[in-house]
Amino acid sequence: FTRYFMLSVLTLSFCMTYSILNPYYLLLDFELAFKKLQLWRLVTTFLFAGRFSQTFLFSLIMIYFTIRRCEDYFKNKYPEFVVLVLFNMFAVAVFGYLWGDYVALHSSFVFSLMYVWCKLEPEVMVSLWGFPVRAGTLPWVLVVLSILTGGDPFKDLIGIAAGHAYIYLKLVLPVNQGYDLLKTPPLKYNWSESWRSGATLADLPPTFGVREAVEARRGSSSPRAGRTATQE
């Protein structure tokens with residue numbers, strides 16, 4: 001997915017830079033998308049990284065860093081990764097509309113994926129301009145940097161809202177309330193042996209993230225856990 005996403009972003013930016021495409025036709029406009037059936041806008045808004053520039057290069061680095069790490073985390077659970085991508089696209093579009101009618105959602109979408117990965121593997125150390133940063137704090141560090149450099153922090157906050165919605169619906173709500181609203185549909189992929197055996201996100205290797213916190217809290221208050229402790 002990473003290579004195809006980056007190739008699509010590069011192609012659209014090349015076409016915009018050399019006036020092959022009018023950027024206006026790539027931006028999200030719900031009225032045109034649904035009333036005029038310009039449905040491609042629902043996809044191109046997530047690929048709109050602007051014309052070639054220094055900002056565009058930083059955007060490519062962010063794409064590779066974020067999506068590659070997400071793919072590596074879900075490498076044996078690719079259907080889960082597909083659900084993550086589709087849900088975050090939907091959530092970013094909703095929050096972008098509610099927050100301020102944003103029409104270019106590329107950076108917010110990539111930021112939402114980064115937020116999810118940082119929540120799943122918060123103890124991983126990453127390098128930001130040569131400074132070590134814990135993954136769990138990386139999204140907020142980037143928000144602060146965006147503010148200090150005169151950027152638009154609300155784009156990042158939209159990504160955080162979308163990513164947090166995924167974490168809550170996928171990991172917290174099923175454990176605390178028993179509702180799995182983002183249950184992966186029963187699809188089968190030839191390249192996913194674990195999916196064919198019925199594995200889910202809960203079967204992923206343990207990390208020091210959200211899942212462990214909610215499962216530990218559930219286990220401490222579970223009657224089954226109490227009976228086990230008594231038997232021991």
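Keep in mind that what you see is a predicted model, and the values were worked out from it rather than measured.
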Checklist line | Heavy-atom closest pair, residues Ile158 and Gly96 | finding: CD1-CA, 3.8 Å
Notebook entry, point to check: With hydrophobic residues grouped by side-chain heavy-atom distances under 4.5 Å, do Leu105 and Leu32 end up in a single group?
Noted result: no
Next item on the list: With side chain to side chain contact (heavy atoms under 4.5 Å, CB included) as the test, would you mind laying out the steps for Leu27 and Thr44 before giving the verdict?
Entry: CA-CA 7 Å; Leu27 300 175; Thr44 55; over 6 Å; no
Next item on the list: Considering non-hydrogen atoms only, spot the tightest contact between Gly50 and Met16 and give its length.
Entry: O-CE, 3.6 Å
Next item on the list: Determine the interplanar angle of the Trp117 and Phe65 rings, folded into 0 to 90°, and report it as parallel if under 30°, tilted if 30 to 60°, perpendicular if over 60°.
Entry: perpendicular
Checklist line | Polar side-chain atom of Glu71 near backbone of Phe1 as donor-acceptor pair, under 3.5 Å | finding: yes
Notebook entry, point to check: Under a single-linkage definition using a 4.5 Å side-chain heavy-atom cutoff for Ile, Leu, Val, Met, Phe, Trp and Tyr, are Ile20 and Phe48 assigned to the same hydrophobic cluster?
Noted result: yes
Notebook entry, point to check: Between Leu142 and Tyr64, is there a shared hydrophobic cluster once you connect ILVMFWY residues whose side-chain heavy atoms come closer than 4.5 Å?
Noted result: yes
Notebook entry, point to check: Does the pair Arg41 and Val103 meet the rule for a side chain to side chain contact (heavy atoms under 4.5 Å, CB included), with working shown?
Noted result: CA-CA 9 Å; Arg41 293 177 181 269; Val103 294; over 6 Å; no
Item checked: Considering all heavy atoms, the nearest Ala49-Ser59 contact -> CB-OG, 4.0 Å
Margin query: Before you tell me yes or no, could you show the steps for Phe56 and Leu10 under side chain to side chain contact (heavy atoms under 4.5 Å, CB included), namely the whole-Å CA-CA distance, both residues' side-chain angles and the distance that decides it to 0.1 Å?
Written below: CA-CA 9 Å; Phe56 173 78; Leu10 275 168; 3.7 Å; yes
Checklist line | pair Phe81-Ile67: side-chain heavy atoms closer than 4.5 Å | finding: yes
Note to self: If I compare all heavy atoms of Ala91 with all of Ala162, which pair ends up nearest, and what's the gap?
What the structure shows: CB-CB, 3.7 Å
Notebook entry, point to check: Minimum heavy-atom separation for Leu39 to Ala33, with atom names?
Noted result: CD2-O, 3.1 Å
Item checked: Tyr18 ring center near Phe14 ring center (under 6.0 Å) -> yes
Check: Distance under 6.0 Å and angle within 45° of the ring axis: does Arg68 meet both against Phe74?
Finding: no
Item checked: Stepwise side chain to side chain contact (heavy atoms under 4.5 Å, CB included) test for Leu120 and Leu171 -> CA-CA 10 Å; Leu120 292 174; Leu171 299 181; 3.7 Å; yes
Check: Which atom pair, heavy atoms only, marks the closest approach of Gly163 to Tyr115?
Finding: C-CD2, 3.6 Å
Item checked: Sequence-distant partners of Asp152, side-chain hydrogen bond (donor to acceptor under 3.5 Å, both in side chains), two or more places apart -> Tyr102
